[in-house]
Amino acid sequence: MKNTILGLAFFAAMPLFAQQEVSVTVHPDQGKNIINKEIYGQFAEHLGTCIYGGLWVGEDSSIPNVQGYRTDVLEALKKLKVPVLRWPGGCFADEYHWRDGIGPRDKRPRMVNNNWGGTVEDNSFGTHEFLNLCELLGCEPYISGNVGSGSVEEMAKWVEYITAEQGSPMAKLRKENGREKPWKVKYWGVGNESWGCGGSMRPEYYADLYRRYSTYCRNYDGNVLFKIASGASDYDYDWTEVLMKNVGHRMDGISLHYYTVTGWTGSKGSATKFTDDDYYWTIGKCLEIEDVLKRHIAIMDKYDPEKQIGLMVDEWGTWWDEEPGTIKGHLYQQNTLRDAFVASMTLDVFHRYTDRIKMTNIAQVVNVLQSMILTKDDKMVLTPTYHVFEMYNVHQDATYLPVDLKCERKIVRDDRIVPVVSATVSRNKDGVVHVSMSNIDLKEEQEVTLDLGGIKAKSVTGRILTSKNVTDYNSFEHPDVVVPVEFKGAKLTKDGLKITLPAKSIITLELK
């Protein structure tokens, strides 16, 4: 029996058909939707060392910093062109009381982070620190308000404190704390995961709470809030149904959380030690997000056919076991080439639904889950996922060009069938076309014929992200194991391109 099981596992990762050429046909005449730059959003929760030691070290730190923010991390995030940053959670949001994080830092009360390891926080990173960081990065802030343990008055006054110009008690308090002019804040989350850590609510109860809380989240002095309801987890379609029916256009957006995870109990598996079969299973679970999106979008379309309410996938990414020797509850995990594929292929999916998806936020930006950056004392390393986001940022605010893709397919566990190649194409406002492609096959290169559908190009350049093993990652000792390099495997033809796509590789091409 054991040999039979092993044989089935081996077959699960074998090609379903014989090797064949991959063809991609671009349809530029069908390009109508913009790839919202906020699809490349980030997420920073008070969890582990995401904030303290990751983003923030304080002005007195020996680690080089700009106004308390780590200089190396700040510069790395600027290169990503981060469009929006979500804060303070996550589960932390519904235990966070904003008044604890304002005023002189040495007088701010401490708190215990009950959700994530019982860490004692000194609240030295609060509203001013977050919003000033967003200004330094040139990104939109996305604040998650406290519905689970906070009052309507508390949330209402937080909005007022941040955005009111003058003549109100909260504006006066803000000025006393050193900020004369209000900040502009567009995105406001009314609670987080209200079905779970945000209050264990039923959707009917939360829908009524949303209507109440959001009423008092007012627009001050020209600042218009885009209010986001706490939406469903993964496959909870009833939650979306109830909110669309009972809240409707009182919300501007509804969130959705989807993690590529093997299970919520017990071991989720190592981030760096996994088999080929584990890898292919991960790819299948990652791409299952498309079916989940289709079902949630179908429900939204029933109540909102004009697509006025945005779907915000404000938590997504891989979730593995914490690294051995790290603090329990801090969710610190390494990041391999496998994670890079999850990032690239998920972004490809998001591009196809930009008529409904208005924002996504990968979890999380530094030192937590599928992070962009890892830090240790004064050292910093960029992860393979960081490099995908940097290679892909050319698609931000570009027009999505639909494609037809035909390729060999692979069977993976749980009856999932996934394509060997994934592709996305966009054209920016200057007419430059960018093509991103992934070859998930661990052994075989793919010969790709790309028909540009009449688009004429005179030159093609590109970069590739790959490594010797799919388990490879960047460490503090060896930070450049998985990094992009120049790609020369694409040649212009009279109709488009011929591309030799190496095994386990991700590329982005620029056509002018």
Side-chain angles (χ1 to χ4, degrees), residues 36-46 51 55-56 67 69 77 81-90 92-94 96-103 123 125-147 150-192 210 213-230 250-255 309-310 312 314-315 358-361 365:
N36 309 297
K37 65 181 179 180
E38 286 83 2
I39 282 175
Y40 290 81
Q42 298 290 335
F43 174 30
E45 182 171 4
H46 286 250
I51 302 295
L55 293 169
W56 176 259
Q67 301 170 35
Y69 310 100
L77 292 179
K81 300 178 181 178
V82 175
V84 59
L85 183 61
R86 181 173 180 244
W87 172 88
F92 182 82
D94 283 281
Y96 182 66
H97 300 284
W98 68 270
R99 285 178 179 267
D100 293 344
I102 61 172
N123 279 308
F125 190 96
T127 299
H128 289 247
E129 289 75 21
F130 170 66
L131 293 172
N132 291 342
L133 171 62
C134 290
E135 287 187 336
L136 287 171
L137 291 175
C139 73
E140 291 278 358
Y142 171 13
I143 290 179
S144 294
N146 182 347
V147 171
S151 67
V152 173
E153 179 185 13
E154 181 181 18
M155 188 179 294
K157 287 187 173 178
W158 199 8
V159 175
E160 180 186 339
Y161 181 89
I162 292 170
T163 62
E165 178 71 38
Q166 58 186 358
S168 77
M170 291 299 101
K172 181 175 181 292
L173 179 59
R174 183 193 68 241
K175 293 175 183 180
E176 290 173 356
N177 288 328
R179 175 76 181 199
E180 181 68 24
K181 292 185 177 182
W183 291 277
K184 291 292 184 183
V185 172
K186 179 178 180 181
Y187 298 108
W188 195 275
V190 183
N192 167 78
Y210 174 88
Y213 275 68
S214 64
T215 297
Y216 296 94
C217 295
R218 303 189 186 280
N219 297 328
Y220 291 94
D221 301 303
N223 186 84
V224 179
L225 295 175
F226 184 103
K227 301 173 188 178
I228 301 168
S230 173
R250 289 178 176 86
M251 58 188 176
D252 300 298
I254 182 172
S255 70
I309 301 171
M312 330 295 276
D314 59 17
E315 288 187 31
K358 302 305 178 185
M359 181 199 299
T360 81
N361 308 78
V365 66

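Start at 1 with the first residue, then count along the sequence.
Atom CG of Leu136 is separated from atom CD of Gln67 by 5.5 Å, given to the nearest 0.5 angstrom. The distance from the CH2 atom of Trp158 to the OG1 atom of Thr163 is 12.0 Å, given to the nearest 0.5 Å. To the nearest 0.5 Å, atom CZ of residue Arg179 and atom CD1 of residue Ile162 are 10.5 Å apart. The line from CE of Met312 to CZ of Phe226 is 4.0 Å long, rounded to the nearest 0.5 Å. Between the CG atom in Leu137 and the OH atom in Tyr69 there is a gap of 9.0 Å [rounded to 0.5 Å]. Interatomic distance, Arg99 CZ to Thr127 OG1, rounded to the nearest 0.5 Å: 10.5 Å.
With sequence neighbours excluded, no residue forms a salt bridge (charged side-chain N to carboxylate O under 4.0 Å, His left out) with Lys37. Residues passing the ring-ring contact (aromatic ring centres under 6.0 Å, His included) test with Tyr161 are Trp98, His128, sequence neighbours excluded. For Lys181, there are no salt bridge (charged side-chain N to carboxylate O under 4.0 Å, His left out) partners at least two apart in sequence or on another chain. The ring-ring contact (aromatic ring centres under 6.0 Å, His included) search around Tyr220 returns none, not counting sequence neighbours. The ring-ring contact (aromatic ring centres under 6.0 Å, His included) test applied to Phe92 returns His46, Tyr96, not counting sequence neighbours.
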**OP:** Go through the steps to decide whether Asp314 and Tyr142 satisfy the test side chain to side chain donor-acceptor pair (under 3.5 Å), and finish with yes or no.
**Re:** CA-CA 10 Å; Asp314 59 17; Tyr142 171 13; 2.7 Å; yes

**OP:** Apply side-chain contact (heavy atoms from CB on, under 4.5 Å) to the pair Tyr216 and Glu153, showing each step before the final yes or no.
**Re:** CA-CA 8 Å; Tyr216 296 94; Glu153 179 185 13; over 6 Å; no

Original post:
Going through the checks in order, is the side-chain contact (heavy atoms from CB on, under 4.5 Å) test met by Arg174 and Asn177?
Top reply: CA-CA 5 Å; Arg174 183 193 68 241; Asn177 288 328; 5.8 Å; no

**OP:** Let me see the working for Met155 and Val147 under side-chain contact (heavy atoms from CB on, under 4.5 Å), right down to the final yes or no.
**Re:** CA-CA 8 Å; Met155 188 179 294; Val147 171; 3.7 Å; yes

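Closest approach of Trp188 to Cys217, counting heavy atoms only: NE1-SG, 4.0 Å. In terms of heavy atoms, Ser214 sits closest to Val190 at CB-CG2, 4.4 Å. Among all heavy-atom pairs drawn from Leu225 and Val185, the shortest one is CD2-O, 3.4 Å. Contact detail for Val365 and Ala44: the closest heavy-atom pair is CG1-CB, 3.8 Å. For the pair Leu85 and Cys134, the tightest heavy-atom approach, listed with the atom from each and the gap, is CB-SG, 4.4 Å. Minimum heavy-atom separation, Pro182 to Ala164: CB-O, 3.6 Å.
Between Arg86 and Glu315 there is a salt bridge, with a side-chain nitrogen of the basic residue lying less than 4.0 Å from a carboxylate oxygen of the acidic one. Using a 4.0 Å cut-off between charged side-chain N and carboxylate O, Lys358 and Glu140 make no salt bridge.
In this structure, Lys175 and Gln166 have side chains that are in contact, with non-hydrogen atoms separated by less than 4.5 Å. For the pair Pro88 and Phe130, the minimum side-chain heavy-atom distance is 4.5 Å or more. Looking at heavy atoms from C-beta onward, Trp183 lies out of side-chain contact with Asn223 at the 4.5 angstrom threshold. Counting heavy atoms from C-beta outward, Phe125 and Leu133 have side chains that approach closer than 4.5 Å.
Remark: the backbone N or O of Gly189 is not paired with any side-chain donor or acceptor of Ser144 at under 3.5 angstrom. Of the possible donor and acceptor atoms, none in the side chain of Asp252 sits under 3.5 Å from a partner among the backbone N and O of Ile228. Listed for the Asn192 side chain is a donor-acceptor partner under 3.5 Å among the backbone atoms of Gly90. Between the side chain of Asp94 and the main chain of Gly191, no donor-acceptor pair closer than 3.5 Å is present.
Screening residues 159-170 for salt bridge (charged side-chain N to carboxylate O under 4.0 Å, His left out), with sequence neighbours left out, gives no hits.
Annotation for Lys184: atom NZ counts as buried by contact number, over 12 foreign heavy atoms lying within 6.0 Å.
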